[in-house]
Peer 1: 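Got a structure here, written out as structure tokens. Questions coming.
All of these numbers come straight from a predicted model, not from anything done at the bench. Numbers for residues simply follow the sequence, beginning at 1.
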Amino acid sequence: MKEEFYDFLKSSKPSVVINYGTKSKAMINKIQYNQKLDILYMLNNYGGNLFDLKSAFKYAGIYDKENDKLYDLEYTLRNDILGFDYASSEKYMSYTLYKNISQEVNKRIKELITIDDVDNLFDISDIEISELLSDEDVITDFMNGITSKTLDIEINDYKTEKADDLLDYLTNKNEFIERASREYVLSNTSYILESLKIIDEKRKILKSIENNKNHIFHKIRDIVNSIDDRCSTVNLTININGIEQTLKYKADVLKRNYNSSYLSTWYIDNRLDREKFETNYGRNMDLHYEDIVKITYSKKTLYEDKNFHEKVKEEESELSK
């Protein structure tokens with residue numbers, strides 16, 4: 001069956017009938033789309049009677065004559081006639097191809113708008129963005145180690161599931177990517193300029209944070225990076241308004257809640273610790289990363305705020321004068 005099918009693909013014959021299984025039959029038609037591609041259509045019948053005057057030919061795949069490759073094959077053709085396994089054929093299916101096309105076009109769009117002389121091509125000085133950006137808008141980037149120099153624009157808005165795009169891509173990949181990406185840039189200039197402006201503002205914010213080693217983000221990142229993923233709870237030593245307390249706290253909350261304005265006391269692991277917290281600081285008081293002085297786990301110090309101890313020493317020195 002397989003050899004018969006491949007012989008048909010390479011021949012000038014417009015159709016072939018293939019017997020498979022016990023008494024199943026499939027008629028496959030080959031229609032030329034262009035010099036490089038043929039489109040396959042199939043009439044299939046499990047009872048062996050192809051022409052029951054009810055069944056219709058259906059799209060069954062694409063054949064690349066130049067590279068001798070098959071794409072987007074219909075299940076019966078792929079599984080019963082050719083015996084392809086899912087893993088080997090999945091990357092040639094249309095849903096994967098459309099995903100690849102979108103990724104490659106987005107990558108090229110990014111290249112087009114972030115070339116070295118981009119400032120000479122795009123003037124973003126007078127571009128207004130809808131909202132003023134704050135430090136919180138870059139905290140995830142900062143936590144992930146992205147700097148003002150490495151922060152880059154992300155263009156992931158181009159997406160296609162159009163048959164014409166798939167066929168053009170398979171016909172001439174490079175030509176299609178270049179055309180589609182340039183058309184997108186021309187059609188979305190305002191959005192792209194605003195995106196460039198946003199990235200520029202974020203870089204300035206990141207630069208400011210990088211230059212200020214006392215910025216809270218540095219402390220938060222040190223805390224998050226100090227906690228091992230295997231930790232369930234950790235011992236926090238906190239200091240709020242001069243009152244110090246050590247309590248057990250959920251480790252995963254400390255690692256993932258860095259973009260929140262506070263750390264909920266709900267995640268204080270021990271009820272007695274929670275009650276003592278309310279006694280020390282009040283029922284409505286929240287916990288913040290700023291309040292953390294020390295973190296330990298199994299008698300091992302994971303984090304310690306040395307700046308806090310230096311500040312206390314300075315305050316004590318001032319009081320003693």
Peer 1: Under a plain distance cut-off of 3.5 Å, with no hydrogens placed, do Glu104 and Tyr169 share a side-chain donor-acceptor pair?
Peer 2: yes
Peer 1: Between Lys255 and Asp229, does the salt bridge (charged side-chain N to carboxylate O under 4.0 Å, His left out) criterion hold? Intermediate values first, please.
Peer 2: CA-CA 9 Å; Lys255 285 188 72 69; Asp229 288 335; 3.7 Å; yes
Peer 1: Is the shortest distance from a Lys or Arg side-chain nitrogen in Glu74 or Arg78 to a carboxylate oxygen in the other one below 4.0 Å?
Peer 2: no
Peer 1: Would you tabulate the side-chain donor-acceptor contacts of residues 55-65 under 3.5 Å, counting partners in other chains and residues two or more places apart, or write 'none'?
Peer 2:
| unit_1 | atom_1 | unit_2 | atom_2 | d |
| --- | --- | --- | --- | --- |
| Ser55 | OG | Asp52 | OD1 | 3.4 |
| Ser55 | OG | Asp52 | OD2 | 3.1 |
| Tyr59 | OH | Asp72 | OD2 | 2.8 |
| Tyr63 | OH | Asp68 | OD1 | 2.7 |
| Asp64 | OD1 | Lys36 | NZ | 3.3 |
| Asp64 | OD1 | Glu66 | N | 3.0 |
| Asp64 | OD1 | Asn67 | N | 3.0 |
| Asp64 | OD2 | Lys36 | NZ | 2.6 |
| Asp64 | OD2 | Asn67 | ND2 | 2.9 |
| Lys65 | NZ | Asn34 | O | 3.1 |
| Lys65 | NZ | Asp38 | OD1 | 3.1 |

Peer 1: Please determine if Lys204 and Glu201 form a salt bridge, counting it only when a charged side-chain N lies under 4.0 Å from a carboxylate O.
Peer 2: yes
Peer 1: To the nearest 0.5 Å, tell me how far Ile292 CD1 sits from Lys294 NZ.
Peer 2: 14.0 Å
Peer 1: Please test Leu40 against Tyr71 for side chain to side chain contact (heavy atoms under 4.5 Å, CB included), starting from the C-alpha separation and ending with a verdict.
Peer 2: CA-CA 10 Å; Leu40 307 177; Tyr71 297 96; over 6 Å; no
Peer 1: Please, which pairs that meet side chain to side chain donor-acceptor pair (under 3.5 Å) have at least one residue in residues 138-148, sequence neighbours excluded?
Peer 2: Thr147-Thr150, Ser148-Glu210
Peer 1: Using a strict threshold of under 4.0 Å (side-chain N to carboxylate O), is an ion pair present between Lys250 and Asp269?
Peer 2: yes
Peer 1: How many angstroms lie between atom OG of Ser261 and atom CG of Asp286, to the nearest 0.5 angstrom?
Peer 2: 7.5 Å
Peer 1: In sequence, state the C-alpha distance, the side-chain angles, and the governing distance for Arg182 and Glu178, and then conclude on salt bridge (charged side-chain N to carboxylate O under 4.0 Å, His left out).
Peer 2: CA-CA 6 Å; Arg182 289 183 179 277; Glu178 192 67 20; 2.7 Å; yes
Peer 1: Quick one: do Glu175 and Arg179 make a salt bridge, cutoff under 4.0 Å?
Peer 2: no
Peer 1: Leu132: which residues meet the side chain to side chain contact (heavy atoms under 4.5 Å, CB included) condition with it, sequence neighbours left out?
Peer 2: none
Peer 1: Are Asp152 and Lys110 within salt-bridge range, i.e. N to O under 4.0 Å?
Peer 2: yes
Peer 1: Would you tabulate the side-chain donor-acceptor contacts of residues 15-29 under 3.5 Å, counting partners in other chains and residues two or more places apart, or write 'none'?
Peer 2:
| unit_1 | atom_1 | unit_2 | atom_2 | d |
| --- | --- | --- | --- | --- |
| Tyr20 | OH | Asn44 | OD1 | 2.6 |
| Tyr20 | OH | Asn44 | ND2 | 3.2 |
| Ser24 | OG | Tyr46 | O | 3.4 |

Peer 1: Checking side-chain polar atoms at under 3.5 Å, does Asn235 have a donor or acceptor matched by the opposite partner on Lys248?
Peer 2: yes
Peer 1: Should Glu111 and Lys107 count as side-chain neighbours, where that means a heavy-atom distance under 4.5 Å?
Peer 2: yes
Peer 1: Could you name each residue pair satisfying side chain to side chain donor-acceptor pair (under 3.5 Å) that touches residues 213-228, not counting sequence neighbours?
Peer 2: Asp135-His215, Lys219-Asp305, Asp228-Arg230
Peer 1: When rounded to the nearest 0.5 angstrom, what is the spacing between CD1 in Ile295 and OG1 in Thr237?
Peer 2: 9.0 Å
Peer 1: Salt bridge (charged side-chain N to carboxylate O under 4.0 Å, His left out), that's the test. Do Lys197 and Glu194 meet it? Break it down for me.
Peer 2: CA-CA 5 Å; Lys197 181 68 172 183; Glu194 184 175 358; over 6 Å; no
Peer 1: By the ring pair (Phe, Tyr, Trp, His ring centres under 6.0 Å) test, which pairs, at least two apart or in different chains, include something from residues 233-273?
Peer 2: none
